[in-house]
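Quick caveat: nothing in here was measured; it's all calculated off a predicted structure.
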Amino acid sequence: MKKTNKDHVSKQPENTSSDNAQTGKSDIALPALGLFGTLRWAWTQLTSMRTALFLLLLLAIAAVPGSLFPQRPSNPAVVTQYIKNNPDSGPWLDRFQLFDVYSSVWFSAIYLLLFISLIGCVVPRTKVYYRALRSQPPRTPRRLSRMPEYGTVAVSSGRERTDDDAGASPDSAGAVIEDAAKLLKKRGYRVEIRDLEGARPSVGAERGYLKELGNLVFHTALIGVLISVAAGGLFGYRGQKVLVEGDTFVNTLIGYDNFNPGTNFSENQLDPYSLTLDDFDVVFDRESTTHYGQPLDFTAKMTTKTGPDAEPQQETLKVNHPINIGGTRVYLVGNGYAPVITVKDGNGDVAYQGPVVSIPNDAAYTSLMVLKVPDARPEQLGFVGFFLPTARIDEQGVAFASDPDPFNPQLNLNSYYGDLGLDKGEPKSVFTLDTDPLTPLNNRGMDAGGIVLGAYETYELPEDKGSITFDGLKRYVALDVTYDPTKLSVLIFSVLALAGLMGSLFISRRRVWVRAGEHDDGRIMVEYGLLARGEDNRLTTEAAALKRLFEKAWLTVSPEDAHNRDTTTRKDR
């Protein structure tokens, strides 16, 4: 049998779209991004302005824990004590690097991403801005009446202009456009005249290019700030030193009480200068009844030497008035009293002699004092208590400080003996004393009572453990020494960022077009339109200012005169 052509025709499935809809399949095949496409999409997202702003906000939020929790680089002893006092949460906070916020992995990642994002934003936008500077203003629209700000001016013509003929009427539409171009140039517009010899010449003008320049300057300066801060963290350092009257500080690593170097710090960066605290004076309020006893002024008189063989210089250190020496800035950040104490051990030998720094706790300078005497024999001695500049006794017989000036200085101490734990090689704070492994000698609960010493008094310790003498009183200052090689660049970039931000906020991007044409009655009809790129509340004011300039430059025709002239012309016809 012969097969007909119908047998060779394949049957097409009917209702294909409905079947695809039921099976959830689409006729459109979406291309896969692939590895390169995915990387390009990720780079586009990272270098967008929205991402840069988000990372900047995220960096500010990430810096908040640095002010909520103690930081190990600045005060490791406080961090150790915090973890000890919070055994449940402290170790977890340490695992998330909340005690090392500014050197943590997550903070550094945000910092680096922000840096890359800003560079990715600035470089392409700089190229676009350069091309925009070289381009001409946009062409004149066919219908200026569609612009947000639109106006017309009727200019009479008929006599020639001279250079000294201010306010004279131009004799042609081309002359009107040339005048408009000059006026717009004076207002800072970049202009281009079109079809000057034609029937309807026009001028296109644009200004506000500094707005985008300010935006670029802001982001470039922000990159400069990030680079400067990073460089300061690499090569700078910061240290703290407590200096008692009469003592000298030499700028060496061993001379600091606490030292925080940068990542690339070298000991060769330390200039060998020295500071000697000659005298420290505090002025307290003695006249006001409401603020009596509050400090009014702190003055540290110091002798500085820029090197071992340099001539000594007299310097005055005050709060917010640092000393600049050896490329560093020395700030006054604290002060207090240092009672001079002599301790003799059970063998009658002097085991300790010198000032002991006390930490003020209130406005009356009630100060915590800890003294460790590891050289005492046959047992090591330890003292803990408080110092009162002006001691008084309340109704319960408890001593308290009534004034910050040392009118009646007094020591109130408890004493202990035993192993202080200093021979094990483990670092311990000089301002704390672990009394658990020690045996008490003096306290209020014992028969011997606590130690109460006035100036120049001596107390004999129980069990022939020795004696303690209050020999006198000195003051001390707490110094903060900082070295930041990039502080000037940070200041310069910060000022540039502020200037760029102000420019991007207050400069408006505007376009103006002016077109002129000659009317049958001899007048020159001028129309102008203004357009702002973005929101500009001052566009109406600019339009009014341009209209005043046009009317002042040309002999314009009032609407009444223009109407009368049109009526007369129609009657003559």
Say you draw a straight line from CH2 of W106 to CG of L58; how long is it, rounded to the nearest 0.5 Å?
-> 9.5 Å
N/O donor-acceptor pair under 3.5 Å between Q45 side chain and T51 backbone | no
Within 45° of the axis and under 6.0 Å from the centre of the six-membered ring of W92, does NZ or CZ of R95 qualify?
-> yes
Separation of D247 CG from K474 NZ (nearest 0.5 Å) = 6.5 Å
Short N-O contact, E212 and R125, less than 4.0 angstrom = yes
Go through the structure and list residues passing salt bridge (charged side-chain N to carboxylate O under 4.0 Å, His left out) with K318, not counting sequence neighbours.
-> D297
Would you mind reporting whether T482 and D484 have side-chain heavy atoms less than 4.5 Å apart?
-> no
When you look at CH2 of W41, are more than 12 heavy atoms from neighbouring residues, nucleotides or ligands closer to it than 6.0 Å?
-> no
Partners passing salt bridge (charged side-chain N to carboxylate O under 4.0 Å, His left out) against K211 (at least two apart in sequence or in another chain) | none
Please lay out, stage by stage, how Y459 and N442 fare under the test side chain to side chain contact (heavy atoms under 4.5 Å, CB included).
-> CA-CA 11 Å; Y459 181 88; N442 294 90; 2.7 Å; yes
Among F235, F259, Y483, whose ring-ring contact (aromatic ring centres under 6.0 Å, His included) with F265 holds?
-> F259
Listed partners of E379 passing salt bridge (charged side-chain N to carboxylate O under 4.0 Å, His left out), at least two apart | none
S504 and N215: side-chain donor and acceptor closer than 3.5 Å?
-> no
Pair listing, side-chain hydrogen bond (donor to acceptor under 3.5 Å, both in side chains) test, anchored in residues 306-315, at least two apart | T303-Q314
In this structure, are over 12 heavy atoms from other groups packed under 6.0 Å from F96 atom CZ?
-> no
Electrostatic pair R286-D403, nearest N-O below 4.0 angstrom = yes
Min side-chain heavy-atom separation Q269-N264 under 4.5 Å | no
Kindly say whether V283 contributes a backbone atom to a donor-acceptor pair with the side chain of D281 at under 3.5 angstrom?
-> no
For F387, the ring pair (Phe, Tyr, Trp, His ring centres under 6.0 Å) test, sequence neighbours excluded, returns Y337
Going by heavy atoms in the side chains, are F400 and T366 under 4.5 Å from each other?
-> no
Do D100 and R72 sit within salt-bridge range, that is, some charged N less than 4.0 Å from a carboxylate O?
-> yes
Are the charged groups of R475 and D405 less than 4.0 angstrom apart, N to O?
-> yes
Closest approach of L388 to A399 (non-hydrogen atoms, all atoms of both residues) = CD1-CB, 3.7 Å
Is atom CZ of F407 surrounded by more than 12 heavy atoms (other residues, nucleotides or ligands) closer than 6.0 Å?
-> yes
Check whether any side-chain heavy atom of M302 lies under 4.5 Å from a side-chain heavy atom of L243, and answer yes or no.
-> yes
Does E460 use its side chain to pair, donor to acceptor, with the backbone of I468 at less than 3.5 Å?
-> no
Side chains of D419 and Q380: does their closest heavy-atom pair fall under 4.5 Å?
-> yes
Between S489 and T486, do the side chains contain an N or O donor and an N or O acceptor separated by less than 3.5 Å?
-> no
Determine all donor-acceptor pairs shorter than 3.5 Å in which one atom belongs to a side chain in residues 323-332; sequence neighbours excluded.
| unit_1 | atom_1 | unit_2 | atom_2 | d |
| --- | --- | --- | --- | --- |
| T328 | OG1 | Y273 | OH | 2.9 |
| T328 | OG1 | I325 | O | 2.7 |
| R329 | NE | Y331 | OH | 3.0 |

Of all the heavy-atom pairs spanning P295 and V282, show the shortest one and how long it is.
-> CB-CG1, 4.3 Å
Reported OG-to-OH distance for the pair S358 and Y476, which is rounded to 0.5 angstrom = 5.5 Å
Would you say the side chains of N412 and Q410 form a donor-acceptor pair under 3.5 Å?
-> yes
Beyond-backbone contact of L441 with L381, side-chain heavy atoms, under 4.5 angstrom | yes
Drop me the distance from S288's OG to Q294's CD, to the nearest 0.5 angstrom.
-> 8.0 Å
Looking at OG1 of T44 and CG of L39, how far apart are the two atoms once the value is rounded to the nearest 0.5 Å?
-> 10.5 Å
Test side chain to side chain donor-acceptor pair (under 3.5 Å) applied to Y82 - qualifying residues, sequence neighbours left out | none
Does L270 offer a backbone N or O that forms a donor-acceptor pair with the side chain of N251 under 3.5 Å?
-> no
What residues, two or more places apart in sequence or in another chain, satisfy side chain to side chain donor-acceptor pair (under 3.5 Å) together with N414?
-> none
Kindly state each residue pair satisfying side-chain hydrogen bond (donor to acceptor under 3.5 Å, both in side chains) with at least one member in residues 340-350, sequence neighbours excluded.
-> T342-Q353, T342-D471
Checking Y129 side chain against Y209 main chain: does a donor-acceptor pair fall under 3.5 Å?
-> yes
What's the verdict on side chain to side chain contact (heavy atoms under 4.5 Å, CB included) for F249 and Y256, showing C-alpha distance, side-chain angles and the deciding distance?
-> CA-CA 8 Å; F249 162 69; Y256 286 92; 3.6 Å; yes
Is the number of heavy atoms from other residues, nucleotides or ligands under 6.0 Å of R190 CZ greater than 12?
-> yes
If a pair satisfies side-chain hydrogen bond (donor to acceptor under 3.5 Å, both in side chains) and one of its residues is in residues 114-124, list it, with sequence neighbours excluded.
-> none
Any donor-acceptor N/O pair, S108 side chain to V105 backbone, under 3.5 Å = no
Take L46 and L55 through the side chain to side chain contact (heavy atoms under 4.5 Å, CB included) test and state the conclusion after the steps.
-> CA-CA 10 Å; L46 179 61; L55 289 173; 4.3 Å; yes
Output all residues satisfying salt bridge (charged side-chain N to carboxylate O under 4.0 Å, His left out) with D375, sequence neighbours left out; order by chain, then residue number.
-> none
Are Y416 and D434 linked by a side-chain donor-acceptor pair shorter than 3.5 Å?
-> no
What distance do L317 atom CG and L277 atom CG have between them, rounded to the nearest 0.5 Å?
-> 9.0 Å
Is any side-chain heavy atom of I116 less than 4.5 Å from a side-chain heavy atom of W43?
-> yes
Considering only heavy atoms from C-beta outward, does the side chain of V481 approach that of K241 to under 4.5 Å?
-> no
Those residues at least two apart in sequence (or on a different chain) that pass side-chain contact (heavy atoms from CB on, under 4.5 Å) with V123 are I119, K127
With side chain to side chain contact (heavy atoms under 4.5 Å, CB included) as the test, would you mind laying out the steps for F383 and L433 before giving the verdict?
-> CA-CA 8 Å; F383 301 87; L433 177 64; over 6 Å; no
For atom CZ of R392, decide whether the heavy atoms of other residues, nucleotides or ligands shown that lie under 6.0 angstrom number more than 12.
-> no
